[in-house]
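Data first, discussion second: the structure below is written as structure tokens.
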Amino acid sequence: KLESENWNGEYYWCTAEDMKSKYVNNTAQKLTKKGWSLARTVKANSILVTCLASIGINAITNVECSFNQQINSITPNENFSTEFIYYLMNNSKENLLKYAGAGALPMLNKNTFSSIKFKFPTLSEQTAIAEILATADRELTLQKEKLAQLQTQKKGLMQVLLTGKKRLMS
């Protein structure tokens, strides 16, 4: 039962639906102060990782937020790069699935999630690796935007050419 006095406030409530891009800047649902006091919360610059059904979807929080038991979190200290951990989790989906319990929906509980070990390079290496991967992400985004523009252009050309509005002369 959803308690109405916990919802439609100003505090961020993150779900997997809010984790469609690398960063969580806002959430579709918000909690009231009362709801916030009952929820699990993390500081901005934490990594959220889904651990039920679609295990391994992750995002970096740009805002302090709360979340339910379907999401686990990592809040790095000064010895770890948030960006690096984001990419590490993004690349570890298959590994995380190995730890998930069997059932109708695969689930990776908090205790198991917390016990998984990863090897980390030095902070400077983490930062350098994350920078290279972020640059690759930006380039992919640009290429996807160019592709979308070309597809739109092609659609327009097909419309005028195939309807006979424009004729080609040989």
Side-chain angles (χ1 to χ4, degrees), residues 2 6-7 11-31 35-36 38-151:
L2 294 177
N6 293 337
W7 299 97
Y11 298 91
Y12 298 109
W13 172 258
C14 188
T15 68
E17 288 297 310
D18 300 306
M19 298 168 60
K20 295 216 185 281
S21 65
K22 183 176 179 181
Y23 299 101
V24 173
N25 298 309
N26 197 358
T27 58
Q29 298 178 30
K30 306 276 193 303
L31 293 175
W36 180 260
L38 302 170
R40 298 188 315 166
T41 62
V42 290
K43 299 175 184 176
N45 212 33
S46 295
I47 299 97
L48 299 179
V49 182
T50 58
C51 291
L52 180 66
S54 53
I55 292 175
I57 295 172
N58 65 101
I60 298 171
T61 60
N62 278 340
V63 294
E64 187 175 13
C65 66
S66 57
F67 51 95
N68 65 17
Q69 66 277 9
Q70 296 177 358
I71 297 174
N72 285 318
S73 67
I74 303 167
T75 303
N77 64 27
E78 65 280 351
N79 298 316
F80 297 94
S81 160
T82 301
E83 296 278 329
F84 178 84
I85 295 172
Y86 165 82
Y87 287 112
L88 179 64
M89 291 297 105
N90 214 30
N91 193 52
S92 298
K93 289 178 186 180
E94 286 183 29
N95 191 32
L96 294 175
L97 278 169
K98 290 178 189 172
Y99 288 93
L105 292 175
M107 183 178 131
L108 181 58
N109 69 42
K110 188 176 193 276
N111 288 336
T112 303
F113 182 76
S114 298
S115 71
I116 300 171
K117 305 285 185 216
F118 293 95
K119 292 185 179 185
F120 286 87
T122 64
L123 180 58
S124 61
E125 286 176 289
Q126 290 176 44
T127 304
I129 291 166
E131 240 173 70
I132 290 167
L133 295 173
T135 300
D137 274 350
R138 286 190 294 275
E139 183 62 29
L140 278 169
T141 300
L142 285 172
Q143 294 301 324
K144 285 177 185 174
E145 288 169 2
K146 284 181 184 176
L147 177 61
Q149 289 171 355
L150 288 171
Q151 287 172 330

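We count residues from 1, following the sequence as given. Any value given below was found using the heavy atoms of this structure, including those in side chains, with hydrogens, waters and symmetry copies removed. Note that the structure is predicted; figures quoted are calculated from it, not measured.
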Is there any side chain to side chain donor-acceptor pair (under 3.5 Å) pair reaching into residues 79-91, and which pairs are they, with sequence neighbours excluded?
-> K22-E83, K22-Y87, Y23-E83, N45-T82, N58-N90, Y87-D137

How far does [atom1] of [X] sit from [atom2] of [Y], to the nearest 0.5 angstrom?
| X | Y | atom1 | atom2 | result |
| --- | --- | --- | --- | --- |
| K110 | S115 | NZ | OG | 11.5 Å |
| C65 | D18 | SG | CG | 8.5 Å |
| E125 | F120 | CD | CZ | 13.0 Å |
| M89 | I47 | CE | CD1 | 8.0 Å |
| K146 | K144 | NZ | NZ | 14.5 Å |
| L97 | S54 | CG | OG | 10.0 Å |

Residue among T122, L123, I129 satisfying side chain to side chain contact (heavy atoms under 4.5 Å, CB included) with Q126 =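 So, applying the side chain to side chain contact (heavy atoms under 4.5 Å, CB included) to Q126 and each of T122, L123, I129, only L123 qualifies.
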
Heavy-atom pair with the smallest gap, counting every atom of [X] and [Y]:
| X | Y | value |
| --- | --- | --- |
| T112 | N109 | N-OD1, 2.7 Å |
| I57 | M19 | O-CE, 3.3 Å |
| N72 | C51 | ND2-SG, 2.9 Å |
| L105 | A53 | CD2-CB, 4.0 Å |
| A39 | L31 | CB-CD1, 3.9 Å |
| V42 | S73 | CG1-OG, 3.2 Å |

For residues [X] and [Y], determine if any side-chain heavy atom of one lies less than 4.5 Å from a side-chain heavy atom of the other.
| X | Y | answer |
| --- | --- | --- |
| V63 | N26 | no |
| L88 | F118 | yes |
| I116 | L108 | yes |
| C14 | L48 | yes |

Residues forming a salt bridge (charged side-chain N to carboxylate O under 4.0 Å, His left out) with E94, sequence neighbours excluded |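 Per chain and number, E94 pairs via salt bridge (charged side-chain N to carboxylate O under 4.0 Å, His left out) with no residue.
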
Which is it for R138 and T141 under the side chain to side chain donor-acceptor pair (under 3.5 Å) test, yes or no, and what are the steps along the way?
-> CA-CA 5 Å; R138 286 190 294 275; T141 300; over 6 Å; no

How about F113 and Y99: are their ring centres within less than 6.0 Å of each other?
-> no

W13/W36 aromatic ring centres below 6.0 Å =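 Here the rings of W36 and W13 have centres that are no less than 6.0 Å from each other.
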
Test item: [X] side-chain N/O and [Y] main-chain N/O as donor-acceptor pair under 3.5 Å:
| X | Y | value |
| --- | --- | --- |
| T61 | S46 | yes |
| R40 | N68 | yes |
| T50 | L52 | no |

Regarding Q143 and E139, is there a side-chain donor-to-acceptor distance under 3.5 Å anywhere?
-> yes

Under the side chain to side chain contact (heavy atoms under 4.5 Å, CB included) rule, what do V49 and I71 come out as? Steps first, then yes or no, please.
-> CA-CA 5 Å; V49 182; I71 297 174; 5.9 Å; no

